[in-house]
Protein chains: 2
Amino acid sequence: MRYSKQRDIVQSVVCSTDCHPTADWVFAEVKKSIPNISLGTVYRNLKQLSDSGFINRIQDGSVTRYDGNIKSHYHLKCNKCNKITDIILQKIDLRKIIKTKFDFELSDVELTITGKCNKHT
Amino acid sequence: MRYSKQRDIVQSVVCSTDCHPTADWVFAEVKKSIPNISLGTVYRNLKQLSDSGFINRIQDGSVTRYDGNIKSHYHLKCNKCNKITDIILQKIDLRKIIKTKFDFELSDVELTITGKCNKHT
DNA sequence: GTATATGCAAACAATTTGCACGCCT
DNA sequence: AGGCGTGCAAATTGTTTGCATATAC
């Protein structure tokens with residue numbers, strides 16, 4: 001993967017926020033440094049970066065969001081303010097349970113807990 | 001919600017398979033009984049049925065799938081054969097943990113475990 | 001020099017919606 | 001009769017892709 005200014009900035013934008021941005025948000029942000037960057041380029045770079053494991057992709061309903069935090073963690077999604085928060089649960093050894101009980105080789109776990117955060121009643 | 005033949009059949013199609021169908025698959029299936037049903041109607045009915053809790057909606061990457069099984073359960077998704085299998089894990093009392101640790105009122109949990117089922121090496 | 005990356009616009013796929021008409025209740 | 005449900009097609013939304021040009025190495 002060859003260096004490009006565009007990819008460099010896409011990556012640093014994703015990695016310097018914890019807002020789990022969409023491609024569109026990243027696009028708007030990168031535009032501040034590279035005004036003539038195109039949305040297609042942002043998508044291409046987000047794909048490459050997540051395929052290579054530099055960032056994570058998470059599915060939020062029908063839209064894809066990106067996450068600079070690549071440590072294993074889960075998400076709380078408040079359906080009032082739509083904020084997504086990272087959480088770390090005590091690591092349950094899912095891998096072993098899933099292997100023994102279902103004979104299934106786990107490679108990825110996506111856990112999203114939806115509900116109401118403490119800002120709402 | 002008023003009776004309609006279309007909704008009735010959409011519901012029974014979703015509830016009589018465990019293949020976690022997409023809207024398109026349901027459409028093709030319902031067509032066998034109602035040849036001139038439209039895709040829009042299928043979408044509208046899937047939405048109503050899931051909003052009312054008669055069926056579940058699950059997100060599979062960027063496509064939405066539907067599930068006639070409305071009991072609490074999780075999914076194993078094989079990324080070789082793309083099959084989605086229902087599993088029931090020992091109910092960990094997530095609700096309590098999430099409330100105490102994060103002050104967050106859980107209303108829904110979506111857990112998808114991706115990996116390789118025992119048909120592949 | 002050559003292959004990869006880019007900008008642009010068109011193509012795509014999944015889903016939603018406006019409208020006139022039809023059918024439950 | 002009144003209103004919800006339908007078929008149809010067009011519109012939207014999020015994302016991908018083809019192509020000619022630009023850039024890294």
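Please read these numbers as outputs of a predicted model, since none were measured by experiment. Throughout, protein chains are lettered first and strands after them, A, B, ... in sequence-line order, and every chain is numbered starting at 1.
Remark on DNA chain D: of its neighbouring residues B/Ser62 and B/Asn45, the 5'-side contact belongs to B/Asn45, judged by nearest-heavy-atom nucleotide. Where B/Arg65 and B/Met1 meet DNA chain C, the nucleotide closest to each residue was compared, and B/Arg65 sits on the side nearer the 5' end.
Atom pair A/Lys5:NZ and D/dC25:P shows a separation of 14 Å (rounding to whole Å applied). Rounded to whole angstrom, the span from the OH atom of A/Tyr3 across to the C1' atom of C/dT6 amounts to 14 Å. Distance OH (A/Tyr66) to P (D/dG14): 12 Å, rounded to an integer number of Å. Here the C1' atom of nucleotide C/dT15 and the CH2 atom of B/Trp25 are 20 Å apart, to the nearest Å. The interatomic distance linking A/Arg7 (CZ) with C/dT4 (P) rounds to 12 Å, in whole Å. What separates CG of A/Asp24 from P of D/dT15 is a distance of 8 Å, to the nearest Å. If you measure from atom CZ of B/Phe27 to atom C1' of C/dA14, you get 14 Å, rounded to the nearest angstrom. A/Ile37 places its CD1 atom 21 Å from the P atom of D/dT21, with the value rounded to the nearest Å.
Each of C/dT16, C/dT25, C/dG7 was ranked by its minimum atom distance to the side chain of A/Gln6; first place goes to C/dG7. The side chain of B/Arg2 lies closest to D/dG2 when the candidates are D/dG2, C/dA14, C/dT4. Distances from the side chain of A/Ile34 to the nucleotides D/dT15, D/dG5, C/dG7 place C/dG7 closest. Picking from D/dC25, D/dC8, D/dT15 the nucleotide with the shortest atom distance to the side chain of B/Arg44 gives D/dC8. Candidate nucleotides D/dC25, D/dT6, D/dG5 were compared by shortest atom distance to the side chain of B/Thr41, and D/dT6 ranks first. With C/dT15, C/dG7, D/dG7 as the candidates, the nucleotide lying closest to the side chain of B/Asn36 is D/dG7.
In this structure, A/Gln6 and A/Val30 have side chains that are not in contact, with every pair of non-hydrogen atoms separated by 4.5 Å or more. Within the 4.5 Å cutoff, no side-chain heavy atoms of A/Asp60 are placed close to those of A/His20.
Side-chain nitrogen and oxygen atoms of A/Ser4 include none within less than 4.0 Å of the OP1 or OP2 phosphate oxygen of D/dA24. Using a 4.0 Å cut-off, no side-chain N or O of B/Ser38 falls inside it from OP1 or OP2 of D/dA9.
Side-chain N or O atoms of A/Thr17 include none that pairs as donor or acceptor with a backbone N or O of A/Val14 at under 3.5 Å.
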Check against side chain to side chain contact (heavy atoms under 4.5 Å, CB included), B/Asp67 and B/Arg57: CA-CA 6 Å; B/Asp67 193 341; B/Arg57 76 170 29 205; over 6 Å; no
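With rounding to the nearest 0.5 Å, the separation of CZ in B/Phe54 from CE in B/Met1 is 5.0 Å.
B/Thr22 comes within 4.0 angstrom of nothing in the nucleic acid, heavy atoms only. If you check every strand for non-hydrogen atoms under 4.0 Å, A/Tyr43 touches a base.
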